[in-house]
Amino acid sequence: MRAVRYDAHHQPPRLVEAPDPDCPPRGAVIAVRATGVCRSDWHAWRGHDDSVSLPHIPGHEFAGVIEKVGSEVTRFRTGDRVTAPFILACGSCEQCRAGATQVCPRQQQPGFDLPGTWAEQVAISEADLNLVALPEEIDMTLAAGLGCRVGTAHHALRTQARVAAGEQVVVHGCGGLGLACVMVALAAGADVVAVDISDRALAAAAALGATPVPAGDGVEERVHEATGGGAHISLDALGSAVTARAAIGSLRPRGRHVQVGLLLGEDADPPLPIGRVIAQELQILGSHGLAVAEYRQLLADVAGGGLDLAATVGRMIAFEDLPTAMSEMDQGPATAGITVATLG
């Protein structure tokens, strides 16, 4: 099969011929039809994730059609349209039994400790648990972001932050993940302030219905002014020491901060204003992916028109352009929204 692979960190990825993946007895092999380009892929390529072994095929967002199913799989068959969260759970541990598959301690992740979705085929373990059937009305190119950006935003706001109608939400960082957070918060009936250094990203957030606020010096004060005293909920959707601190500083007393963007590399252990957290009884919450069980509500929100997946896609590229797309992330996002590569 064709795949995009890099042999060393920060070495340009290249298009190669790779062996077809084996099909596990309880797993499936998926013919990838669309795959996303995510900042997490860039972090892995730059060497910020020690779970990656070289040489490596990146990519963890996809939609496709089942090519093969293992002999022990009962819920799916060849030809089914599917996606999956980027966290593949074991199905048998305490967290999985409680439905919290997104924090399975035995989890595996395509594009990180497993070969990823920047390939014509990808293997998915424990298919009966981890695969999600895609309704016919959801296009593959739009579904590719469900397992990471859109799903992560949905979990962060609906499950972790418990967003309610009428609340003030601020999203720091309005790339693909941030725009998905803006969309989910607006669909829940919240008022949203969007913060970014990019005029293009702010314009994309404003087009969704958010109030744009430029990042930089004084951003916390500007957010407090825009929200009438601070946000009830803040999200760092970029993942940096600067945006994490600014997001916490954007809260009103007893507000909830959700850290959604990965803090890796030099930002892995940022200093945070814990004195303010104590004095104002703020909550700091982590958010990691999306539980498989949450897909039902997510897909219902999409089908009901509450979430317009097309609004999260910034550009479409060919599979052959993935190496260039990775390199472009050194200069920051190439476009507002998700970049999606199509195959076949």
(request) Please confirm whether Y295 and H155 have ring centers closer than 6.0 angstrom. (result)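 Centroid distance Y295-H155: not below 6.0 Å, so no.
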(request) Start with the C-alpha distance between R106 and E94, add both sets of side-chain angles, then the distance that settles salt bridge (Lys or Arg N to Asp or Glu O under 4.0 Å), and finish with yes or no. (result) CA-CA 11 Å; R106 295 199 288 268; E94 175 187 1; over 6 Å; no
Is a donor from one side chain sitting under 3.5 angstrom from an acceptor on the other, for [X] and [Y]?
{"X": "S240", "Y": "D267", "answer": "no"}
{"X": "H172", "Y": "S234", "answer": "no"}
{"X": "H9", "Y": "Q11", "answer": "no"}
{"X": "S198", "Y": "D196", "answer": "no"}
{"X": "S287", "Y": "Q259", "answer": "no"}

(message) So does G306 get a backbone contact from the side chain of D301, meaning a donor-acceptor N/O pair under 3.5 Å?
(response)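 The answer is no, because no donor-acceptor pair under 3.5 Å joins these two groups.
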(message) Taking L157's backbone N and O only, do any of them form a donor-acceptor pair with Q160's side chain (distance below 3.5 Å, no angle check)?
(response)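 Side chain of Q160 to backbone of L157: no pair is present.
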(request) Determine the interplanar angle of the H288 and F86 rings, folded into 0 to 90°, and report it as parallel if under 30°, tilted if 30 to 60°, perpendicular if over 60°. (result)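 Rings of H288 and F86: perpendicular, over 60°.
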(message) Students often mix this up, so state it plainly: with edges at 30° and 60°, are the rings of H43 and H48 parallel, tilted or perpendicular?
(response)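 Because their plane-to-plane angle lies in the 30° to 60° range, the rings of H43 and H48 count as tilted.
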(request) Take R2 and E17 through the test salt bridge (Lys or Arg N to Asp or Glu O under 4.0 Å) and record every step on the way to the result. (result) CA-CA 5 Å; R2 293 185 307 159; E17 284 293 325; 5.7 Å; no
(message) I'd like to know whether W45 forms a ring pair (Phe, Tyr, Trp, His ring centres under 6.0 Å) with H10, so could you lay out the CA-CA distance, the side-chain angles of the two residues, the decisive distance to 0.1 Å, and finally the verdict.
(response) CA-CA 6 Å; W45 176 53; H10 211 202; 4.8 Å; yes
(request) Please round to the nearest 0.5 Å and tell me the distance separating atom CG of N130 and atom CZ of R26. (result)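 If I round to the nearest 0.5 Å, the distance is 11.0 Å.
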(request) Considering non-hydrogen atoms only, spot the tightest contact between V182 and A194 and give its length. (result)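 For V182 and A194, the tightest heavy-atom pair comes out as CG2-CB, 4.4 Å.
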(message) Can you confirm whether more than 12 heavy atoms, excluding those of D330, are under 6.0 Å from its CG atom?
(response)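 Result for CG/D330: enclosed.
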(request) Please report the C-alpha distance between D7 and R5 in whole Å, then the side-chain angles of each, then the deciding distance to 0.1 Å, and finally whether the salt bridge (Lys or Arg N to Asp or Glu O under 4.0 Å) criterion is met. (result) CA-CA 7 Å; D7 299 328; R5 189 183 72 198; 3.0 Å; yes
